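Below you'll find the structure, written out as structure tokens, and then a few comments.
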Amino acid sequence: MRPYILAESNYKDLSLEKPDLVVLPWGATEAHNYHLPYATDIIEADFVAAEAARKAYEKGAKVSVLPTVPFGVNTGQSDVILDINIMPSTQKAIIQDIVTVLDKQGIEKLLILNSHGGNNFKPLVREVGYHFPNVFIAFCSWFHALDKNEYFDIPDGDHADEMETSILLHLTPELVKPLEEAGDGAAKKWKVDALNESWAWAERQWTSVTEDTGIGDPKMATAEKGERFLSDVTDKIANLMLDLSFADIKNMYQ
């Protein structure tokens, strides 16, 4: 039993010691090129949340990781078979219901651990947080926590790329097809220059951008690269969990 994982915890232990911080991992169910499973984002969320929580717990954090939400926002992929979409309004309802429980039980802190690029929690956290001022809500996207250039040879992808392929080769190699079967992850750019830059945005229609559903070449992926990246990224997320667990939400600024 891992006491920092809610699904493995029991009522007796939680009654004796309530967590200071609840972590909600959030993934997606979607195609990841020809070689990675639809559960890629879920597998990553499960591991990063659990391993970071372990490291934080061993340093004194009172943290409890909820089961991973398996569906994310996939509105641009409606024509990709069984890419399961839930709307941002559905995400907001889920967060609000969870925060309602935390608020009633006096648990003051929630960290949403995002594992899917299509999820955008900022407006949802703003809205739910407005109605629950006694609960501090934060979110992070673990895949943005480190500079990919320091770990991978082709770091410019963002879906089923070298990073994600390396991670799955380390965590679940039995679910990764041989890399020679993977597509090259080539992706088209916008014809509107501003949309290729960070200051303007529009949703990509996935099958118009990529033939294999990947964005980023996975061919140089290795399990060793995935292991090194995961070790460092879970260290960083663990520090966030540790800081939030010990934080006084009435005194958050310096």
Side-chain angles (χ1 to χ4, degrees), residues 4-7 14 18-32 38-50 52-53 63-80 82-145 158-159 195 198-206 237 240-241 243-245 247 249-250 252-253:
Y4 47 86
I5 303 294
L6 179 60
L14 284 170
K18 190 164 60 176
D20 293 323
L21 172 67
V22 167
V23 177
L24 176 62
W26 207 306
T29 300
E30 58 177 356
H32 276 74
Y38 269 58
T40 292
D41 292 352
I42 303 166
I43 293 165
E44 293 165 338
D46 285 344
F47 179 84
V48 172
V63 57
S64 183
V65 178
L66 305 185
T68 297
V69 180
F71 305 125
V73 175
N74 284 92
T75 47
Q77 302 178 19
S78 59
D79 55 347
V80 179
L82 288 180
D83 272 25
I84 305 300
N85 171 62
I86 62 172
M87 293 297 183
S89 55
T90 305
Q91 290 187 310
K92 191 202 97 168
I94 292 170
I95 295 168
Q96 184 164 302
D97 284 351
I98 291 171
V99 171
T100 299
V101 172
L102 302 185
D103 187 50
K104 273 180 148 292
Q105 297 180 1
I107 299 172
E108 297 182 323
K109 298 165 221 167
L110 172 68
L111 173 65
I112 302 168
L113 181 75
N114 181 35
S115 190
H116 171 57
N119 294 332
N120 178 17
F121 290 107
K122 186 179 288 187
L124 312 183
V125 168
R126 288 183 188 275
E127 185 169 349
V128 175
Y130 178 82
H131 295 290
F132 292 89
N134 294 323
V135 180
F136 181 86
I137 311 171
F139 75 92
C140 70
S141 296
W142 63 264
F143 46 88
H144 288 154
D158 64 16
H159 188 73
L195 294 175
S198 59
W199 62 279
W201 182 88
E203 183 169 50
R204 295 175 288 189
Q205 296 303 309
W206 215 253
I237 303 299
L240 171 61
M241 291 182 183
D243 289 344
L244 289 176
S245 178
I249 67 167
K250 296 180 176 61
M252 294 292 289
Y253 308 102

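All values reported here derive from a predicted model rather than from experimental measurement. Sequential numbering from 1 along the given sequence is applied to the chain's residues.
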**Request:** Measure the acute angle between the ring planes of F121 and F139, then classify it against the limits of 30° and 60° as parallel, tilted or perpendicular.
**Result:** tilted
**Prompt:** How many angstroms lie between atom CE of M241 and atom CG of L111, to the nearest 0.5 angstrom?
**Reply:** 6.0 Å
**Asked** Between D41 and H32, does any side-chain donor sit less than 3.5 Å from a side-chain acceptor?
**Response** yes
Which donor-acceptor pairs under 3.5 Å do the side chains of residues 63-74 make with protein atoms, sequence neighbours left out?
{"residue": "T68", "atom": "OG1", "partner": "D46", "partner atom": "OD1", "Å": "2.5"}
{"residue": "N74", "atom": "ND2", "partner": "E30", "partner atom": "OE1", "Å": "2.6"}
{"residue": "N74", "atom": "ND2", "partner": "Q77", "partner atom": "OE1", "Å": "3.2"}

**Item:** Flag side-chain contact, heavy atom, 4.5 Å: I137 against I112
**Value:** yes
**Prompt:** Quick one: side chain to side chain donor-acceptor pair (under 3.5 Å) pairs with a partner in residues 121-131, sequence neighbours left out?
**Reply:** K92-E127
**Any donor-acceptor N/O pair, K109 side chain to A247 backbone, under 3.5 Å** = yes
**Request:** Could I get the full list of side chain to side chain contact (heavy atoms under 4.5 Å, CB included) partners for K104, not counting sequence neighbours?
**Result:** none
**Message:** Taking side chain to side chain contact (heavy atoms under 4.5 Å, CB included) as the definition, give me every residue that meets it alongside D103, ordered by chain and number, with sequence neighbours left out.
**Reply:** F132, N134, V135
**Prompt:** So do the side chains of H116 and W26 get within less than 4.5 Å of each other, counting heavy atoms only?
**Reply:** no
**Fill in**
By side chain to side chain contact (heavy atoms under 4.5 Å, CB included), T90 pairs with (sequence neighbours left out) I86, M87, I94
**Message:** I43: which residues meet the side chain to side chain contact (heavy atoms under 4.5 Å, CB included) condition with it, sequence neighbours left out?
**Reply:** P37, A39, L168, L171, T172, L175
